[in-house]
Colleague: 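I am attaching a structure below and will ask some questions about it afterwards.
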Amino acid sequence: ALEGTLSSAAGVPAPDYYIVAFPADRTLWHAQSPRVQVTRPQGDGRYRLEGLPAGAYRLAALTDVESDEWRS
């Protein structure tokens, strides 16, 4: 699992974002990859992604994500 807390620069929880996890290794980027997941933080900014295979990941915090856009 990968978990953390998303907050603004002022230290306030930021639940209005999407968290996208994707592998640091670009060769693992493909549409059906189990290594790409998206979630929304809870009201207190906490998030948790489960079922990710072991490895190095990068995270992106986005304000808007179209349906399945995060897979591309």
Side-chain angles (χ1 to χ4, degrees):
L2 190 142
E3 59 187 305
T5 303
L6 182 65
S7 58
S8 70
V12 178
D16 296 333
Y17 287 79
Y18 291 85
I19 303 293
V20 180
F22 55 97
D25 180 351
R26 293 190 83 157
T27 64
L28 299 173
W29 295 5
H30 56 85
Q32 301 306 318
S33 176
R35 297 173 185 270
V36 178
Q37 290 189 23
V38 66
T39 191
R40 297 288 303 257
Q42 299 174 12
D44 61 0
R46 293 186 329 181
Y47 62 88
R48 181 176 175 88
L49 296 157
E50 296 188 36
L52 290 167
Y57 287 87
R58 296 180 186 257
L59 297 176
L62 307 172
T63 56
D64 189 29
V65 176
E66 295 295 324
S67 178
D68 274 348
E69 177 186 33
W70 55 275
R71 288 214 170 266
S72 59

Colleague: Applying the 4.5 Å side-chain criterion to the ILVMFWY set and letting contacts propagate, would Val38 and Val36 be lumped into a single cluster?
Modeller: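 Yes, Val38 connects to Val36 through the hydrophobic network.
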
Colleague: Ignoring hydrogens and geometry, is there a side-chain-to-backbone donor-acceptor pair from Arg48 to Pro41 under 3.5 Å?
Modeller: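 Not confirmed, Arg48 side chain does not pair with Pro41 backbone.
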
Colleague: Using modelled atom types only, decide if a donor and an acceptor are shared between the side chain of Gln37 and the backbone of Glu50 within a distance under 3.5 Å.
Modeller: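 The answer is yes, because a donor-acceptor pair under 3.5 Å joins these two groups.
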
Colleague: Any non-hydrogen side-chain atom of Thr63 less than 4.5 Å from a side-chain atom of Tyr17?
Modeller: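 Thr63 vs Tyr17: side chains touch.
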
Colleague: Mark yes when over 12 heavy atoms from residues, nucleotides or ligands other than Tyr57 sit less than 6.0 Å from its OH; otherwise mark no.
Modeller: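 Buried by this count: over 12 neighbours within 6.0 Å.
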
Colleague: Are Arg40 and Tyr18 close enough that some pair of their side-chain heavy atoms sits under 4.5 Å apart?
Modeller: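 Side-chain contact under 4.5 Å: yes.
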
Colleague: Which atom names give the shortest non-hydrogen contact between Pro53 and Pro34, and what distance separates them?
Modeller: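 The answer is CD-O, 3.8 Å.
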
Colleague: So, for Ser8 and Ala14, which heavy atoms are closest and what is the spacing to 0.1 Å?
Modeller: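 So the two residues come closest at N-CB, 4.1 Å.
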
Colleague: If every non-hydrogen atom of Pro13 is compared with every non-hydrogen atom of Gly45, which pair is closest and at what distance?
Modeller: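 That closest heavy-atom pairing would be CB-N, 3.8 Å.
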
Colleague: Supply the atom-to-atom distance Tyr47 OH to Glu3 CD, rounded to the nearest 0.5 angstrom.
Modeller: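 Separation between the atoms: 9.0 Å.
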
Colleague: Could you give the distance from CD1 (Ile19) to OG1 (Thr5), rounded to the nearest 0.5 Å?
Modeller: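 Those atoms lie 10.0 Å apart.
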
Colleague: Testing Leu2, Val20, Leu6 for side chain to side chain contact (heavy atoms under 4.5 Å, CB included) with Leu59, which one passes?
Modeller: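 That would be Leu2.
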
